[in-house]
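Structure first, then comments.
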Amino acid sequence: MQGTREGLLNEFTTWATNRNGPCILWLSGLAGTGKSSIAQSFATRLTEQCIPVVSFFISRHAHRRSGLDSIIHTLAFELARVHDAARASILQAFERDPLIHELNLDRQVDELLLQPLRVVAAEDSASSTIIVLDALDECDNTLGLVGDGCLAKIIPVLNENASLGKVKLFLTSRPLHEIGAGMQPFIDRLGREVQLHKIPTTDDIRAYLKRKLGDVHRPGTITAPWPSVEDLDALTQRAGSFFIYAATVVRHITQNSTPPRSVSLTFSSLRAPRSTTTHRILRWTGYTSRFCLSSSALENMQN
């Protein structure tokens, strides 16, 4: 939502426009902390500021958004869209072999990504090109993406003398061991990790709840002030650092056919000492199975 995470977005925009800064920024965070929303807002902000951005938002729920081949093809398409020189390089690859997109992935990475990126880096551009790759952990071949695969081949290109500061990577993922093991050597030398779940979010979640629940208020049906300070405090405390909790509560309330009664029941149960509302709401959206939160994480959200 506009107006939230402004500090982070400003920080990331400064990174994107500073050619002397690290060429990789890895935003890691537990499921439900808002990584994808931040990545989308960041990509939108870059576009609005006329900064070349190439993006792909991975989703495990569709092969066309989780397969490594889809990631390579989409990034190549996006490069061709924002850079004429990259488009010419990619067209030349297809002229040499019209079936390049069906060959082994190493060959595709080399001709559809690495060579165009080197061409882009050779240009005298006023702005860096930012590659936004969201949800690395949702790729159906994580090791092929993060281990010795795609990113392991792209990142050294960013560090070549001709490329320094001209192409940057903005990555998001959950803090999984296999991703950390693949990313850490590059982060140590060329990048920076931001751990989202360790950044205070109370003010942003409170602002989100106040705005979204305020939209529910209809004169004559819900007593003003709406939502009350007490209700906001209860919901904000329950949400902790999990934006998904706040978003799910809002969805639960606003989609109910009788919002006032639903809100009353939700708030009263949230204040109960051992409420099961958190688990009911999360099951209602399929959140627990979708993101496989640990029991400790759920307990933190409930207490």
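In this chain, numbering begins with 1 at the start of the sequence shown.
Counted by atom type alone, Gln108 and Asp69 present zero donor-acceptor pairs between their side chains at under 3.5 Å. A donor-acceptor pair shorter than 3.5 Å can be found between the side chains of Arg45 and Asn10.
Counting only heavy atoms from C-beta outward, the side chains of Cys23 and Val167 never approach each other to under 4.5 Å. Looking at Leu169 and Trp26, their side chains never come closer than 4.5 Å, going by heavy atoms from C-beta outward. At a threshold of 4.5 Å between non-hydrogen side-chain atoms, the residues Thr172 and Leu136 do not count as touching. Side-chain atoms of Val249 and Leu213, non-hydrogen and from C-beta on, never get closer than 4.5 Å to each other. Counting heavy atoms from C-beta on, the side chains of Leu145 and Ile58 come closer than 4.5 Å. Ser59 places none of its side-chain heavy atoms less than 4.5 Å from the side chain of Ser66. Residues Asp233 and Val229 have side chains in contact (heavy-atom distance under 4.5 Å, counting atoms from C-beta outward). Taking 4.5 Å as the limit, some side-chain heavy atom of Gln115 sits within range of a side-chain heavy atom of Asp110.
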Return a table of donor-acceptor pairs under 3.5 angstrom between the side chains of residues 186-195 and protein atoms on other chains or two or more places apart.
from, atom 1, to, atom 2, distance (Å)
Asp188, OD1, Gln184, NE2, 3.1
Arg192, NH1, Glu11, OE2, 2.9
Arg192, NH2, Glu11, OE2, 2.2
Glu193, OE2, Ser28, OG, 2.7
Gln195, OE1, Lys198, NZ, 3.0

Do any side-chain atoms of residues 75-85 form donor-acceptor pairs under 3.5 angstrom with protein atoms, and if so which ones, sequence neighbours left out?
from, atom 1, to, atom 2, distance (Å)
Glu78, OE1, Arg81, NE, 3.4
Glu78, OE1, Arg81, NH2, 2.8
Glu78, OE2, Arg81, NE, 3.4
His83, ND1, Glu123, OE1, 3.2
His83, NE2, Thr129, OG1, 2.7
Asp84, OD1, Arg87, NH1, 3.4
Asp84, OD1, Arg87, NH2, 2.6

What verdict does the salt bridge (charged side-chain N to carboxylate O under 4.0 Å, His left out) test give for Arg96 and Glu111, after you've listed the backbone C-alpha separation in whole Å, the side-chain angles of each residue and the deciding distance to 0.1 Å?
CA-CA 10 Å; Arg96 289 190 296 270; Glu111 298 207 31; 3.0 Å; yes

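Between Ile38 and Leu27, the closest heavy-atom pair is CG2-CD2, 4.0 Å. Residue Ala93 comes nearest to Leu112 through the heavy atom pair CB-CD2, 4.3 Å, listed as atom of the first residue, atom of the second, then distance. Across all non-hydrogen atoms, the minimal contact from Lys35 to Leu30 is NZ-O, 3.1 Å.
If you chain together hydrophobic residues whose side chains sit under 4.5 Å apart, Val250 and Tyr245 fall into the same group.
Ring-plane geometry between Phe170 and Phe42 is classed as tilted, the angle between the planes lying from 30 to 60 degrees on a 0 to 90 degree scale.
Interatomic distance, Thr236 OG1 to Arg206 CZ, rounded to the nearest 0.5 Å: 5.5 Å. Considering OG1 of Thr201 and CZ of Arg5, their distance stands at 5.5 Å, rounded to 0.5 Å. We find the CD1-OG distance between Ile72 and Ser70 to be 9.0 Å, quoted to the nearest 0.5 Å.
The ring-ring contact (aromatic ring centres under 6.0 Å, His included) search around Phe94 returns His101, not counting sequence neighbours.
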